[in-house]
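Scroll down for the structure; my scribbles are underneath it.
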Amino acid sequence: MDVTHILESLNDPQRQAVTAADNNVLVLAGAGSGKTRVLVHRIVWAVQMMGMSPYSVLAVTFTNKAAAEMKARIETLLQIPVGGMWVGTFHGLAHRILRAHHSEAGLPKNFQILDSDDQLRIIKRILRDYQIDESKWPAKQAQWYINNKKDEGMRAQNLDAGGDFNEQMWIKIYQNYEQVCNQSGLVDFAEILLRAHEIWLKKPDLLAHYRRRFRHVLVDEFQDTNTIQYAWLRLLTGGQNKIFAVGDDDQSIYGWRGAKVENITNLEKDYPGLEIIRLEQNYRSTGNILNAANALIEKNPNRMGKKLWTAGEDGEPIKFYTAYNEHDEARFVVGVVQQWVQDGNRRQDCVILYRSNAQSRVLEEALMMESMPYRIYGGMRFFDRAEIKDALAYLRVISSQLDDAALDRIINTPPRGIGEKTLQSIRAIALKENISYWDALVFIIETEAVPARALKALKKFHELISELIVVADDSALDELLVTVIQQSGLVEYFQKEKGEKGKSRVENLQELVGAVKEFESDDEPTDFDDPALQDLDPLSVFLAYTALESGDSQVDPDDDYVQLMTLHSAKGLEFPLVAIVGMEEGLFPSERSTYEPSKLAEERRLCYVGMTRAKKQLFLTAAEHRRLYGRESYPTVSRFVHELPGDIVVDVRPRAMVSRPLTASSSGFKQSSSSQPFQIGQSVNHDKFGEGVILSYEGDGSHARVQVNFYQVGMKWLVLAYANLSQA
DNA sequence: CGCGTCGTGGTTTTT
DNA sequence: CCACGACGCG
């Protein structure tokens, strides 16, 4: 059989990983070393060369984006539809299992998924119902507690407060929360994983079935797995089955949300004979960027150990700019992008990275000032917008009248005269009689247990929902949704809302109708075409889809805007030009991580992740003076900057005292500097523009041009022969 | 019920 | 500093 299509274009270690025997394999894949390629080619190899059925492969990722990319690439390479293959996120796959075996899992057929916002609302309600002091036991912390325990595989019944009163209360809240979810047929994200794990423990036949089916289990971003995910993988790969894990301990940046880097080292213990393969050749960044990143990450203890290298050029040095304040910093970065665009490049190829979202504001102001198109990556998912969630809550109530959380949300949205007082009566009865809100509402109407005015409002609401349930029975989803947003009064309500906000809300509702239509007609295979879902009503399937997929629309390739995002959300992406702002002690590394070595190490990995996003140009900036949260601070430069090799980092601050001696050692740049009177990083004087610092350099002889960042007028390109620069 | 005021708290995020 | 939630009034 011709295998060249699988193996060509792979380097030696990549090939070794792809063609490894039917064994447990850990691929330590450095940033930009082609890990997705290895994963995809391994699957194709297993199917075409090891005689595996495509249906015996399970590949799991963390994000829908990664899963979609993998599916697309498998399809291209295998030339068969990937439809029946189990490629998806941990949550997506676990969800499939729960759907297929809902009764064994103790769930109603049409159970629904809570997002973290729904979850928080339920917890808040519990705190109120039981009159728990929210200043002592804040809902946010309760949520954090519950999710943490679930991520660790713990149920409320497994927990022991050991006489600790606080702990007792957390457990009590957890217990009540579990009860509410069970009664309403709701599962949160952590619950999906926990239940999928428990069902295998409780039903050995089921586990055996899945073990028989999935002979090959592949895991992406293995360093991000948490306790329950690892336990789930361990169960599935028990016995004969092999695991093929791809990860990078140096890119573990989610320890704070339960990810266990240790799972990488556990792998060696738990899978004897584990074959470890390192991918260290990088196809993304210049030599200088890699050398700097390597030097930084070497400061971390307890690494598996890895050193990225490239066959490519050293490229330009890394540029470090010390700004006077955050506005100056923003101006500088915008100037860098403007220059990049003037040189004929796309804004799309630039990214500005920051440690915390609060830093984006000043950057946005500077971008707007220069009319530079930009876009903030991340933020709200489409399906998380309030108006969308309102519409979806109607659908949820139509789908299941047990869903108290959804009913609670819409009973007075838009306002229809069902006030807090009436709601309290409903809750009280539901709690006392142990029935759903819907049944409590029916009970109140029957017994006329509230004042006439409220009663009328309740009757009207009851009528509305009842009618919609009928509509749901014999309409397509999109027709139902159109009816829902009209009849409920949502559209009318948002139309009346003044300003742009109301307008965009109505537009979003319209877009939701579009999303439903697309979902109905979608011929792309998705997790939601699974046979397990076929005898489930389309409404429930759509609702599950909205909970598990972000609903982010694809970027328009015609648009050209600079991207802004946090360092965390940049993981997995790459850009020719990267600027990391706020390289200051207390900000990055964040103050709260400086006390604990393990947290500091994670910050350093975050910095490593940020730096290794850059393909060609890397800018780092810090401000001498910063206002954050209305407080003034005079931070010092981040330790991470000092940990970079001085000879490949250039200070580009105008008029600054050059704190870093310039010993240009990297090739391309040494050449030009040695034959020319000026060096990158050097301070110079210009008759008209005043003082500045040389940023970069191109050409030689009479064509030589230098890029200078002037204190007064900003960035300029000057032809050296005419500029008449003098040393400052 | 909607609007205003006051008070507080504010890494990082996907599912 | 500013966004969001709790509270009180018209």
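All chains are named by letter (A, B, ...) in the order of the sequence lines, taking the proteins before the strands, and each is independently numbered beginning at 1. Just so it is clear, the values below take in all heavy atoms, side chains as well, and ignore hydrogens, waters and symmetry mates.
Taking A/Ala457 as the reference, A/Ile418 meet the side chain to side chain contact (heavy atoms under 4.5 Å, CB included) condition, with sequence neighbours excluded. With sequence neighbours excluded, the residues that form a side chain to side chain contact (heavy atoms under 4.5 Å, CB included) with A/Glu643 are A/Leu296, A/Lys299, A/Arg604, A/Arg639, A/Phe640. Applying the side chain to side chain contact (heavy atoms under 4.5 Å, CB included) test to A/Asp250 and every residue at least two apart in sequence or in another chain returns A/Asp248, A/Ile297, A/Arg303, A/Lys306, A/Tyr608. With sequence neighbours excluded, the residues satisfying salt bridge (Lys or Arg N to Asp or Glu O under 4.0 Å) with A/Glu584 are A/Arg626. Every residue meeting the side chain to side chain contact (heavy atoms under 4.5 Å, CB included) condition with A/Ser356, not counting sequence neighbours, appears here in chain and number order: A/Ala358, A/Gln359. Looking at residues two or more places apart in sequence or on another chain, you find no side chain to side chain donor-acceptor pair (under 3.5 Å) involving A/Glu326. A/Trp256 is linked by a ring-ring contact (aromatic ring centres under 6.0 Å, His included) to A/Tyr254, A/His568, counting only residues two or more places apart in sequence or in another chain. The salt bridge (Lys or Arg N to Asp or Glu O under 4.0 Å) search around A/Glu134 returns A/Arg128, not counting sequence neighbours. Applying the side chain to side chain donor-acceptor pair (under 3.5 Å) rule to A/Gln143 yields the partners A/Gln119; only residues at least two apart in sequence or on another chain are considered.
To the nearest 0.5 Å, atoms OG1 (A/Thr566) and OH (A/Tyr377) are separated by 9.5 Å.
The distance between atom NZ of A/Lys571 and atom C1' of B/dT11, rounded to the nearest whole Å, is 17 Å. Here the P atom of nucleotide B/dT13 and the CD atom of A/Gln143 are 15 Å apart, to the nearest Å. Rounded to a whole Å, the NZ atom of A/Lys124 is 7 Å from the P atom of C/dG5. The separation between A/Asn148 atom CG and B/dT15 atom C1' is 15 Å, rounded to whole Å. Atom C1' of nucleotide B/dT12 and atom CD of A/Glu596 are separated by 16 Å, given to the nearest angstrom. Note: NZ (A/Lys140) to P (B/dT12) measures 11 Å, nearest angstrom. Look at CG on A/Asn147: it is 15 Å from P on B/dT14, rounded to the nearest Å. Computed from coordinates, the A/Asn64 CG to B/dT13 P distance equals 17 Å when rounded to whole Å.
Using a 4.0 Å heavy-atom distance criterion, A/Phe62 is classed as a sugar-phosphate-only contact. Heavy atoms of A/Gln119 sit nowhere under 4.0 angstrom from any nucleic acid atom. Residue contacts shown for A/Ser116 include a base, since a base heavy atom lies under 4.0 Å away. Nucleic acid contact for A/Arg128: sugar-phosphate only, since backbone atoms but no base atoms lie under 4.0 Å from a heavy atom of the residue. A/Ser590 comes within contact range of at least one nucleobase, with a heavy-atom separation under 4.0 Å.
The stretch residues 251-261 of chain A comes close to DNA chain B through A/Tyr254, A/Trp256, A/Arg257, each having a heavy atom under 4.0 Å from the strand. In the region residues 357-368 of chain A, proximity to DNA chain B at under 4.0 angstrom, judged on heavy atoms, holds for A/Asn357.
A donor-acceptor contact shorter than 3.5 Å links the side chain of A/Arg195 to the backbone of A/Ala105.
Residue A/Thr89 places none of its side-chain N or O atoms closer than 4.0 Å to OP1 or OP2 of B/dT15. Between A/Arg355 and B/dT12 there is no side-chain polar atom (N or O) within less than 4.0 angstrom of OP1 or OP2.
One finds a salt bridge joining A/Asp118 and A/Arg396 here, because a Lys/Arg side-chain nitrogen approaches an Asp/Glu carboxylate oxygen to under 4.0 Å.
Nucleotide B/dT12 carries an anti base; the chi torsion (O4'-C1'-N9-C4 or O4'-C1'-N1-C2) is more than 90° from 0.
For the P atoms, the distance linking B/dT11 with C/dC4 amounts to 14 Å, nearest Å.
Ranking C/dC1, B/dT11, B/dT14 by closeness to the A/Thr63 side chain, first place goes to B/dT14.
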Short N/O separations, protein against nucleotides 1-5 of chain B, under 3.5 angstrom:
from  : atom 1 : to       : atom 2 : distance (Å)
B/dC1 : OP1    : A/Asn412 : OD1    : 3.4
B/dC1 : OP1    : A/Asn412 : ND2    : 2.9
B/dC1 : OP1    : A/Gly417 : N      : 3.4

